[in-house]
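First up is the structure itself, then whatever we jot down about it.
Lettering of chains follows the sequences in order, A, B, ..., and the numbering in each one begins at 1. Just so you know, these numbers use all the heavy atoms, side chains as well, and skip hydrogens, waters and symmetry mates.
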Amino acid sequence: MESLDNIAMLAPSIEPNFKKKFWKFLSRWYGENGFKYPWRKSPTPYSVLVSEFMLQQTQAETVVPYFLAWMEKFPDWESLAKAQEKEVLRAWEGLGYYSRARNLHRIAVMLYHERKGELPSDPEELMKFPGIGPYTANAVASLAFGRKTPALDGNVIRVMARLMNINQPIHKKETIRTIFQVVDSLMQGEAEASLFNSALMDFGRAVCKPKYPRCFACVLKEMCKAKQPELLPLRTKIEIEEKKEKIAIIREDDRFWLQQANSNQNRYRGLWLFPYFDPDVMEEKAPLFFLRHSFTRYKILLEVCEASWNKERLKMMPIEGQWVKKKEIFSLPLPSPHRKIWLQLLSKDETNKGP
DNA sequence: AATTCGGGGAG
DNA sequence: CTCCCAGAATT
């Protein structure tokens, strides 16, 4: 088995023949099987950055409708720069990782005021912007500006790790550096940067899949050194933590009590939430329903109840939040579970109104 | 180097 | 149910 060092030393001098063959097979596969995503139709630096932000840790099919709606609402840097954060978060609602939306908005404002609305094309420069890391910087440089630089996402790293039979944890810095050099060398040919990176990512997603790779349909099989079927080092398993949380619905006619997520906390910052039930200042009136939702390592059972303020205690203890009219809740950004709560409440209101 | 940050789709 | 996704920032 080759050591990583050997592969790293080989990288700059991969045989021209190998490079040629690699792209010949891959480009043919891409021509027949590449995905037709809307952000590939007429890419601009803006549309590419929007799509790349949305695609961070989010499956492409999930992103499609969000991307289309976003480009309608915020077609360019200027419209995004002039928007309120509330609108921006509302357009992002349901995608998760909301700091992506806040960072994208910040970038728009920065560009609009400081750079005449133009992104730099150099990956090192791109990395100076909030929310742009190594992958996104190189993706934008290649997909939007045609720079020949490797965009190493999870798919590409997996493909290359198998191709070279790197039996080491693939998230190690040294491993990534090696893969970067190899891909960099592979793409220095006729291949257009945008096509090359897109093809490799699509290929990893569709064929060289994490769990059940379709080796039988692999066009790179003859040059792959992976010892099948042993594939990749397993990831460390994470412990799931189960929690119960109680949400209070406090209403007064057509107004509901909502609070904006604390600005010094990162999760849900800027989004609006129904408050947690707090027995010190609230009284439960009636149970409503349960809702479960899970994310990363948490499995949360949300209990939703109707509640009212305990006015005596409320006087001594200022409570954050404010009354929001029913009609306004539609336009506020809510985390997914809270949006679901809201929709449940609405449908109950409707059925109660029934003839 | 490990954790945090969401949510949904696929198997 | 479990795994994973066109990652980045923070600890």
Hey, does A/Tyr66 reach any base, or is it just sugar-phosphate, or nothing, if we go heavy atoms under 4.0 Å? nothing
Considering only atom C1', compute the distance from C/dC4 to B/dG6 and round it to an integer number of Å. 13 Å
Establish, with yes or no, whether the OP1 or OP2 oxygen of C/dC5 is under 4.0 angstrom from a side-chain nitrogen or oxygen of A/Arg205. no
Counted 5' to 3', the first and last nucleotides of DNA chain B within 4.0 Å (strictly under) of a heavy-atom of chain A are B/dT4 to B/dG9
Using the rule that Ile, Leu, Val, Met, Phe, Trp and Tyr join whenever any side-chain heavy atoms are under 4.5 Å apart, tell me whether A/Trp323 and A/Phe274 fall into a single cluster. no
In this structure, how many angstroms lie between the C1' atom of C/dT10 and the CZ atom of A/Arg269, rounded? 12 Å
Which whole-number value in Å describes the distance from A/Met127 CE to C/dG7 P? 16 Å
Taking atom P of C/dC1 as reference, at what distance in whole Å does atom NZ of A/Lys211 sit? 15 Å
Check this one for me: any side-chain N or O of A/Arg158 less than 4.0 Å away from OP1 or OP2 of C/dC5? yes
Using a 6.0 Å distance limit plus a 45 degree cone around the ring axis, check whether A/Lys243 lies over the aromatic ring of A/Tyr298. yes
Check the orientation of A/Tyr37 and A/Trp39. Use parallel for under 30°, tilted for 30 to 60°, and perpendicular for over 60°. parallel
Cation-pi between A/Arg40 and A/Phe35: NZ/CZ under 6.0 Å from ring centre and within 45° of the ring axis? no
Any base atoms under 4.0 Å from A/Thr136, or only sugar-phosphate, or nothing? Heavy atoms, all strands. sugar-phosphate
A/Lys209 NZ - C/dT2 P separation (whole Å): 21 Å
When you check the gap from the basic side-chain N to the acidic O, do A/Glu93 and A/Arg90 get nearer than 4.0 Å? yes
Have a look at A/Ser336 and say if it touches a base, only the backbone sugar-phosphate, or nothing, with a 4.0 Å heavy-atom cut-off. sugar-phosphate
Considering just the side-chain nitrogens and oxygens of A/Gln57, establish if one lies under 4.0 Å of OP1 or OP2 belonging to C/dC5. no
Atom CD of A/Glu61 to atom C1' of C/dC5: distance rounded to whole Å? 12 Å
Test side chain to side chain contact (heavy atoms under 4.5 Å, CB included) applied to A/Arg102 and A/Asn266, A/Ile107, A/Val88, the passing residue: A/Asn266
Starting the side chain at C-beta, find the nucleotide from C/dC5, C/dA6, C/dG7 nearest to A/Asn155. C/dA6
Using salt bridge (charged side-chain N to carboxylate O under 4.0 Å, His left out) as the criterion, list what pairs up with A/Asp122, not counting sequence neighbours. A/Arg147
Please tell me which of A/Arg292 and A/Leu55 maps to the more 5' nucleotide of DNA chain C, matching each residue to the nucleotide holding its nearest heavy atom. A/Arg292
I need the A/Met201 CE to A/Tyr135 OH distance, nearest 0.5 Å. 4.0 Å
Along DNA chain B (nearest heavy atom to each residue), the more 5'-positioned of A/Lys340 and A/Arg297: A/Arg297
Taking for each residue the nucleotide of DNA chain C bearing the nearest heavy atom, is the 5' side occupied by A/Arg40 or by A/Phe129? A/Arg40
Is any side-chain N of the basic residue among A/Lys21 and A/Glu222 closer than 4.0 Å to the acidic one's carboxylate O? yes
note: A/Asn266, atom CG; C/dA9, atom P; distance rounded to Å ~ 12 Å
What parts of residues 84-113 of chain A reach DNA chain B, counting only heavy atoms under 4.0 Å away? A/Gly94, A/Leu95, A/Gly96, A/Tyr97, A/Tyr98
By nearest-nucleotide position on DNA chain B, the 5'-leaning member of A/Ser294 and A/Tyr298 is A/Tyr298
If only atom types and distance count, is the side chain of A/Arg162 paired as donor or acceptor with the main-chain N or O of A/Lys225 below 3.5 Å? no
Mind calculating the distance between CE (A/Met201) and P (C/dC4) to the nearest angstrom? 20 Å
A/Asp153 CG to C/dC5 P, straight-line distance once rounded to whole Å: 9 Å
Inter-nucleotide P distance (B/dA10, C/dA6), Å rounded: 12 Å
For the pair A/Lys246 and A/Asp278, find out whether any cationic side-chain nitrogen is under 4.0 Å from an anionic carboxylate oxygen. no
